[in-house]
A.B. asks: 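Structure below; questions to follow.
Quick note on labels: first sequence line is chain A, next is B, and so on, each numbered from 1.
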Number of protein chains: 2
Amino acid sequence: MTNIREIARLAGVSTATVSRVLNNHPYVNEEKRRKVLELIDRLDYVPNSSATSLKKGMTRIVGVVSSLYTASSTSFIQAFSLIAQRHGFNIMIFLTDQDPGKEKVALEMLRSKQLDALVCLHRANEWNFIESYAKYGPIVTWQRLVSDRIPSVFMDQYEGYRLGLEHLHARGFRRILNVYSSRGLNTPQRMRAYADFAAAHELGGSGHPDFHGKMSLEDGEELAHWWIDQSDPPDAIACSNDDVAAGLLTELRRRGVSVPGEVGILGFDNNNLARLLDLSTVHYPSDKQAENAFSILLDRLGQPAPQPHALAFELIARQST
Amino acid sequence: MTNIREIARLAGVSTATVSRVLNNHPYVNEEKRRKVLELIDRLDYVPNSSATSLKKGMTRIVGVVSSLYTASSTSFIQAFSLIAQRHGFNIMIFLTDQDPGKEKVALEMLRSKQLDALVCLHRANEWNFIESYAKYGPIVTWQRLVSDRIPSVFMDQYEGYRLGLEHLHARGFRRILNVYSSRGLNTPQRMRAYADFAAAHELGGSGHPDFHGKMSLEDGEELAHWWIDQSDPPDAIACSNDDVAAGLLTELRRRGVSVPGEVGILGFDNNNLARLLDLSTVHYPSDKQAENAFSILLDRLGQPAPQPHALAFELIARQST
DNA sequence: TTGTAAGCGTTATCAG
DNA sequence: CTGATAACGCTTACAA
């Protein structure tokens with residue numbers, strides 16, 4: 001394998017000079033530079049990145065930990081990947097599937113310096129376990145977390161959820177069922193938003209206890225069966241995300257229930273599926289959050305980082321309400 | 001930073017002995033081994049992976065090049081990731097978005113030995129360009145390709161497509177429109193399958209020219225508008241994949257068209273979306289293909305590899321036909 | 001069973 | 001502007 005020494009020998013210079021050419025250092029004789037460059041080209045030479053990483057103490061790879069590919073995590077990852085590339089970083093994705101062991105693989109790679117930093121979309125281990133890895137490199141999360149070791153690009157969902165609820169109210173829905181997710185700390189904020197909303201409009205509940213821990217298409221489908229079984233069902237359902245709303249909507253329609261005629265459905269996130277199914281939803285700017293996450297990482301790595309974006313929710317009114 | 005020399009010094013042994021303990025070599029005095037292990041634990045030592053990679057000439061990372069996350073690529077990647085992990089390999093995903101430059105990033109990482117191998121789900125550059133990188137490490141593809149440099153785990157779709165067409169015929173559809181994708185060499189095989197099918201049943205076409213280059217949800221939606229505009233539309237549409245079928249189905253129903261009453265729709269792949277929307281489709285075993293891809297890579301890396309699976313299509317009859 | 005020492009391929013310091 | 005040379009942290013003959 002052709003290495004830097006080979007190039008140096010053939011060019012009649014030292015490895016130091018070749019390295020200088022490689023790294024665009026000033027003070028290299030123009031003729032030698034050309035000669036070196038020509039040899040690099042001719043011998044199809046490329047620096048061995050393990051050697052460079054070892055020497056520089058940096059791999060320029062950032063790990064992305066996600067439990068699975070949902071529409072919303074995909075959009076985050078897409079944006080994160082883009083901005084990372086623009087700064088000369090590559091990303092390595094870890095699908096944990098909620099398995100703590102798989103998440104640990106990523107954490108261990110940070111520890112062994114195969115990764116410079118980590119962004120954690122969904123965690124599988126306890127926070128204090130993850131925090132114990134923060135000493136090996138910067139970690140940032142998308143979930144809500146108040147920690148000095150692990151910054152978060154999480155957005156307070158109180159405002160977004162309130163926006164959605166007000167929309168349901170404006171469209172005439174009164175007996176609103178809340179379907180919450182469970183992981184992360186979104187739920188308490190959404191519950192607070194609902195409580196304030198209900199108080200402001202002097203509303204009772206839907207007559208049914210709210211749901212918790214629902215986040216998938218399948219959860220939405222089960223919810224549809226539940227709704228059909230009720231003698232006195234809610235007139236609107238505010239879902240934890242677009243996937244749940246999508247499962248709910250399609251299964252209800254499949255069973256002949258009219259949406260929004262018999263029941264209004266609100267999603268959350270504004271992903272592709274929501275667009276496809278004409279779901280009313282709340283736009284959650286995950287791409288901007290991804291860029292913010294990268295900025296934080298870059299900053300903690302001691303590199304010049306762009307200013308973070310200001311973030312805002314937006315209501316997207318479509319056919320399901 | 002604590003390194004192997006530090007451990008060796010504290011344990012009163014040489015770095016060679018520590019390395020032997022680390023790599024489970026035999027012939028290490030039990031007491032020394034315990035001592036070393038204890039120090040490793042106490043000092044929270046972990047080998048620097050850049051150093052190991054440099055020395056071993058291997059990173060145990062495999063790159064996965066995909067143009068984007070579709071339901072079917074996700075299922076391939078999921079399965080690939082799983083089997084790779086079981087063999088002590090990690091994967092690095094590259095979303096190219098059809099951008100040749102982004103694909104080149106992955107190829108260059110193979111060249112610079114940051115990656116041991118590459119699996120290419122969708123290519124962005126010309127094949128001969130990609131092939132020129134095969135000398136740097138094994139590359140395998142999911143697309144159809146006949147090349148001695150780049151093996152393929154592609155499945156001949158003739159049989160799968162024929163299966164789908166026979167199903168449409170059995171359900172009474174006669175004027176079938178084919179919607180083909182364009183990339184890769186699936187299309188000629190599917191066209192051949194249709195030609196043979198039509199000849200066997202003495203069928204004419206749908207009265208419309210087939211479509212080409214359709215692969216996304218959006219394409220499906222546009223197709224729905226086209227269908228509605230026809231005075232004499234086809235009675236069934238065989239789609240290039242489940243995404244197109246899903247877009248077509250939802251948009252048609254949104255416009256009040258009855259499926260399968262007025263038109264039958266057949267997908268291809270059998271992904272989650274197909275399940276959700278009750279789409280009839282042809283099951284394409286992408287998980288098994290992923291495992292085969294990994295086996296090939298492992299074998300070319302000179303490691304013992306599992307036997308590849310035999311692969312077969314399966315018709316999944318649901319509500320859309 | 002163990003240690004010495006020679007790499008792996010770079011980068012960076014320090015003289016010149 | 002350039003070249004020796006010492007790291008970076010690990011593995012592995014080779015010798016003992």
A.B. asks: For residues 126-140 of chain A, which residue pairs pass the salt bridge (Lys or Arg N to Asp or Glu O under 4.0 Å) check, not counting sequence neighbours?
C.D. replies: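 Passing the test, one end in residues 126-140 of chain A: no pairs.
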
A.B. asks: Side chains of B:Ser216 and B:Asp243: do they bring a donor and an acceptor to under 3.5 Å?
C.D. replies: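 No, B:Asp243 and B:Ser216 have no side-chain donor paired with an acceptor closer than 3.5 Å.
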
A.B. asks: Only counting residues at least two apart or in another chain, list the ones meeting salt bridge (charged side-chain N to carboxylate O under 4.0 Å, His left out) with B:Arg42.
C.D. replies: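 Here the qualifying residues are B:Glu38.
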
A.B. asks: Between B:Gln114 and A:Ser49, is there a donor-acceptor pair closer than 3.5 Å when you use the side chain of the first and the backbone of the second?
C.D. replies: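 Checking the backbone N and O of A:Ser49 against the side chain of B:Gln114, no donor-acceptor pair under 3.5 Å is found.
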
A.B. asks: Quiz question: by atom type and distance under 3.5 Å, do the side chains of A:Ser67 and A:Thr96 form a donor-acceptor pair?
C.D. replies: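 No, because no side-chain N or O of A:Ser67 sits under 3.5 Å from a partner of the opposite role on A:Thr96.
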
A.B. asks: Would you jot down, in residue-number order, the residues of residues 29-37 of chain B having a non-hydrogen atom under 4.0 Å from DNA chain C?
C.D. replies: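 Within this stretch, B:Asn29, B:Lys32 sit under 4.0 Å of the strand.
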
A.B. asks: Report all side-chain donor-acceptor pairs from residues 80-94 of chain B shorter than 3.5 Å, counting only partners two or more places apart or in another chain.
C.D. replies:
none

A.B. asks: With sequence neighbours excluded, what pairs up with B:Arg111 under the salt bridge (charged side-chain N to carboxylate O under 4.0 Å, His left out) test?
C.D. replies: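 Testing B:Arg111 for salt bridge (charged side-chain N to carboxylate O under 4.0 Å, His left out), a comparison that skips the adjacent residues, returns A:Asp44, B:Glu108.
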
A.B. asks: Where along nucleotides 10-16 of chain C does protein come under 4.0 Å, by heavy atom, of base (B) or sugar-phosphate alone (S), with - for untouched nucleotides?
C.D. replies: BBBB---

A.B. asks: Anything under 4.0 Å to a heavy atom of chain A counts; send over the first and last such nucleotide of DNA chain D, read 5' to 3'.
C.D. replies: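 Extent of the interface on DNA chain D: D:dC1 to D:dG9.
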
A.B. asks: Rounded to the nearest 0.5 Å, how far does OG of A:Ser19 lie from CD1 of A:Ile7?
C.D. replies: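 If I round to the nearest 0.5 Å, the distance is 12.5 Å.
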
A.B. asks: So, using side chain to side chain contact (heavy atoms under 4.5 Å, CB included) as the criterion, who are the partners of B:Asp99 when residues are at least two apart?
C.D. replies: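 So B:Asp99 forms a side chain to side chain contact (heavy atoms under 4.5 Å, CB included) with B:Lys102.
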
A.B. asks: Return the set of residues passing side chain to side chain contact (heavy atoms under 4.5 Å, CB included) with B:Thr141 (not counting sequence neighbours), or none when no residue passes.
C.D. replies: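 Side chain to side chain contact (heavy atoms under 4.5 Å, CB included) list for B:Thr141, sorted by chain: B:Cys120, B:Trp127, B:Gln143, B:Leu145, B:Ile150, B:Ser152.
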
A.B. asks: The helix from C:dT1-D:dA16 to C:dG16-D:dC1: angle between its terminal axes, five pairs each, to 10°?
C.D. replies: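 Its terminal axes enclose an angle near 40°.
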
A.B. asks: Taking only residues at least two apart or on different chains, which pairs with a member in residues 23-65 of chain A satisfy ring-ring contact (aromatic ring centres under 6.0 Å, His included)?
C.D. replies: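 Output for this query is empty, none listed.
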
A.B. asks: Please enumerate all residues that pass salt bridge (charged side-chain N to carboxylate O under 4.0 Å, His left out) together with A:Arg9, with sequence neighbours excluded.
C.D. replies: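 Salt bridge (charged side-chain N to carboxylate O under 4.0 Å, His left out) list for A:Arg9, sorted by chain: A:Glu6.
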
